[in-house]
J.: 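So that we are looking at the same thing, I have put the structure below in structure tokens.
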2 protein chains.
Amino acid sequence: MSISGEPVSGGPDLAGRVRLMVVRLYRRVQSEHARSALSGVQISALDSLSRFGPLTPRELAVCERVQPPTMTKLIASLECDGLITRETHPKDRRQLILRVTAAGEQALAIAVRTTEEWLGKRLAELPEEDRATVTAAVEVINKLAGG
Amino acid sequence: MSISGEPVSGGPDLAGRVRLMVVRLYRRVQSEHARSALSGVQISALDSLSRFGPLTPRELAVCERVQPPTMTKLIASLECDGLITRETHPKDRRQLILRVTAAGEQALAIAVRTTEEWLGKRLAELPEEDRATVTAAVEVINKLAGG
DNA sequence: TATTGTTATACTCTATAACTATA
DNA sequence: TATAGTTATAGAGTATAACAATA
């Protein structure tokens, strides 16, 4: 904030406008893609597991910012679909090691690539400049949301 | 898509990356702000009603892209908190007219302004350039999600 | 005693289908 | 018969609290 109490830049209430944006886009994405093979949370977890290598449920829960019981259910759904495997940790039998299967990698790739027909179409319809803005913002926001 | 089948710009799979972004940011926002006076959906509906003037439940449901029963519940929660009023339509007694109350406008302003302490802080910590990117992207994405 | 993961339970948000009142 | 809104019901996703197994 500046001395005057106004946000330093980006116009007033950037945080509020980002929140409105994310709520609306999230619902729009969900409603347009309700019947995807993988839900948004499944894709997100699978993506993290693929990106950061084998993880324990605890680690994945921290990564996805959900509580352990939530992760237990998410893991069960992914394992049930054959997208991940659960092995017992070789040195600590309390822990599990989660790995993405080949089917999981494939499902993830397909989901990420084909997700949101409308979103891809909408993005393709944007002027080049707007698309570049969104691309850059995705990087910024992922850093912001991840840290 | 270009002739080669690649996305026209913004690198590969921009839509997929936008989806991952929105899922993660949404959850982050929800988890960081679980105990806000107004939930994300309440803020979004109140904002639409404030922005687009008195609306019927049906109109607001279309605007917010939810089904009528979902809107019924949302309306009940907002009315219960004194943030909106429900009047019967003067010419068609099946319909209602929803209006934001003064308390609703105030709650909305406060929510938007003070929402997401962490988000505002994070945004303030960004380099000026990144913040400008996010600001521009919010406009683009709101157009994209709204249409 | 501390930690990992699970079970039990509940709350929010969403949907579809069936209903009521009005047009 | 058609439309606006509601009620009934269900499913996904999330949480906290209590538990079992292991360290």
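Values in this document were obtained by computation on a predicted structure and should not be read as measured data. A note on names: the letters A, B, ... follow the listed sequences, proteins ahead of strands, and every chain is numbered from 1.
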J.: Any donor-acceptor pair under 3.5 Å between the side chain of B:Lys73 and the base of C:dT14?
T.: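 Pair found.
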J.: Between B:Glu87 (CD) and D:dG5 (P), how many Å, whole number?
T.: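 Result: 13 Å.
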J.: Take B:Arg94 and B:Met71, find for each the nucleotide of DNA chain D with the closest heavy atom, and name the residue whose nucleotide sits nearer the 5' end.
T.: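 Nearest-nucleotide comparison on DNA chain D picks B:Arg94.
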J.: Below 4.0 angstrom from OP1 or OP2 of C:dT3, is there any side-chain N or O of A:Arg58?
T.: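 Result: no.
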J.: At their closest point, which heavy atom of B:Gly40 faces which heavy atom of A:Arg19, and how far apart are they?
T.: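 It is N-NH2, 3.3 Å.
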J.: Any salt bridge linking A:Asp130 with A:Arg122? Criterion: basic side-chain nitrogen under 4.0 Å from a carboxylate oxygen.
T.: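 No, A:Asp130 and A:Arg122 are not salt-bridged.
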J.: For C:dT4, does OP1 or OP2 lie under 4.0 Å from any side-chain N or O of A:Arg86?
T.: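 Answer no for this pair, as no side-chain N or O of A:Arg86 is under 4.0 Å from OP1 or OP2.
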J.: Just N and O in the side chain of B:Thr70: are any of them under 4.0 Å from OP1 or OP2 of C:dA15?
T.: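 Answer yes for this pair, as a side-chain N or O of B:Thr70 is under 4.0 Å from OP1 or OP2.
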J.: Rounded to whole Å, please give me the gap between CD1 in A:Ile43 and C1' in D:dG13.
T.: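 Answer to the nearest Å: 15 Å.
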J.: Could you state the atom-to-atom distance from CD1 of B:Ile84 to P of D:dG5 in whole Å?
T.: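 Atom CD1 in B:Ile84 sits about 12 Å away from atom P in D:dG5.
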J.: What nucleotide among C:dG5, D:dT6, D:dT16 has an atom nearest to a side-chain atom of A:Leu96?
T.: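 From the listed options, C:dG5 comes nearest.
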J.: At 4.0 Å (heavy atoms only), tell me whether B:Pro57 reaches a base, stays on the sugar-phosphate, or touches nothing.
T.: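 Contact class for B:Pro57: sugar-phosphate only.
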J.: Expressed as a whole number of angstroms, how long is the span from B:Leu98:CG to D:dG5:P?
T.: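 That distance rounds to 8 Å.
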J.: Checking the side chain of A:Glu139 only, and the main-chain atoms of A:Ala136 only, is there a donor and an acceptor separated by less than 3.5 Å?
T.: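 It does not hold such a pair.
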J.: Quick check on D:dT3: is either OP1 or OP2 less than 4.0 Å from any side-chain nitrogen or oxygen of B:Gln95?
T.: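 False: B:Gln95 side-chain N/O out of range (4.0 Å or more) of D:dT3 OP1/OP2.
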J.: Please figure out whether A:Pro68 or A:Gly40 has its closest DNA chain D nucleotide nearer the 5' end.
T.: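 Nearest nucleotide further toward 5': that of A:Gly40.
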J.: Check the distance between C:dT14's C1' and A:Arg24's CZ and give it to me in whole angstrom.
T.: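 One finds 18 Å between C1' of C:dT14 and CZ of A:Arg24, rounded.
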J.: Tell me the interatomic distance from A:Arg27, atom CZ, to D:dA12, atom P, rounded to whole angstroms.
T.: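 Answer to the nearest Å: 20 Å.
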J.: Quick one: does A:Arg93 reach the base of D:dT22 with a side-chain donor-acceptor pair under 3.5 Å?
T.: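 Donor-acceptor pair under 3.5 Å: no.
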J.: Looking only at non-hydrogen atoms, find the nearest pair between B:Val100 and B:Glu105 and report the distance.
T.: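 That closest heavy-atom pairing would be CG1-N, 3.4 Å.
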J.: Of the nucleotides D:dG13, D:dA15, D:dA23, which has the atom closest to the A:Asp92 side chain?
T.: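 The closest nucleotide is D:dA23.
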J.: For B:Leu108, run the side-chain contact (heavy atoms from CB on, under 4.5 Å) check against B:Leu49, B:Leu46, B:Leu83 and tell me which one passes.
T.: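 With B:Leu108 as partner, side-chain contact (heavy atoms from CB on, under 4.5 Å) holds for just one option, B:Leu46.
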J.: Does A:Thr72 have a side-chain nitrogen or oxygen under 4.0 Å from the phosphate oxygens OP1 or OP2 of C:dG5?
T.: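 For C:dG5, neither OP1 nor OP2 has a side-chain N or O of A:Thr72 closer than 4.0 Å.
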J.: Just how far, in rounded Å, is C1' of D:dA15 from CD of A:Glu64?
T.: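 Computing the A:Glu64:CD to D:dA15:C1' distance gives 16 Å.
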J.: So which nucleotide from C:dT14, C:dT6, D:dT22 ends up closest to the side chain of A:Pro69?
T.: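 Of C:dT14, C:dT6, D:dT22, C:dT6 is nearest to the side chain of A:Pro69.
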J.: Identify, between A:Ile97 and B:Gln67, the residue whose nearest nucleotide on DNA chain C lies closer to the 5' end.
T.: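 By nearest-heavy-atom nucleotide position, the 5'-most residue is A:Ile97.
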J.: What contact category does A:Leu74 fall into here, base, sugar-phosphate, or nothing, at under 4.0 angstrom with non-hydrogen atoms?
T.: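 Counting heavy atoms under 4.0 Å across all strands, no contact is made by A:Leu74.
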J.: When you measure from the side chain of A:Arg131 to the backbone of A:Ala124, do you find a donor-acceptor pair of N or O atoms at a distance under 3.5 Å?
T.: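 Yes, A:Arg131 side chain to A:Ala124 backbone: donor-acceptor pair under 3.5 Å.
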J.: Does a side-chain N or O from A:Ser39 land closer than 4.0 Å to OP1 or OP2 of D:dA12, or not?
T.: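 For D:dA12, neither OP1 nor OP2 has a side-chain N or O of A:Ser39 closer than 4.0 Å.
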J.: How long is the line joining CZ of A:Arg65 and P of D:dA15, in whole Å?
T.: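 Taking CZ of A:Arg65 and P of D:dA15, I get 12 Å after rounding.
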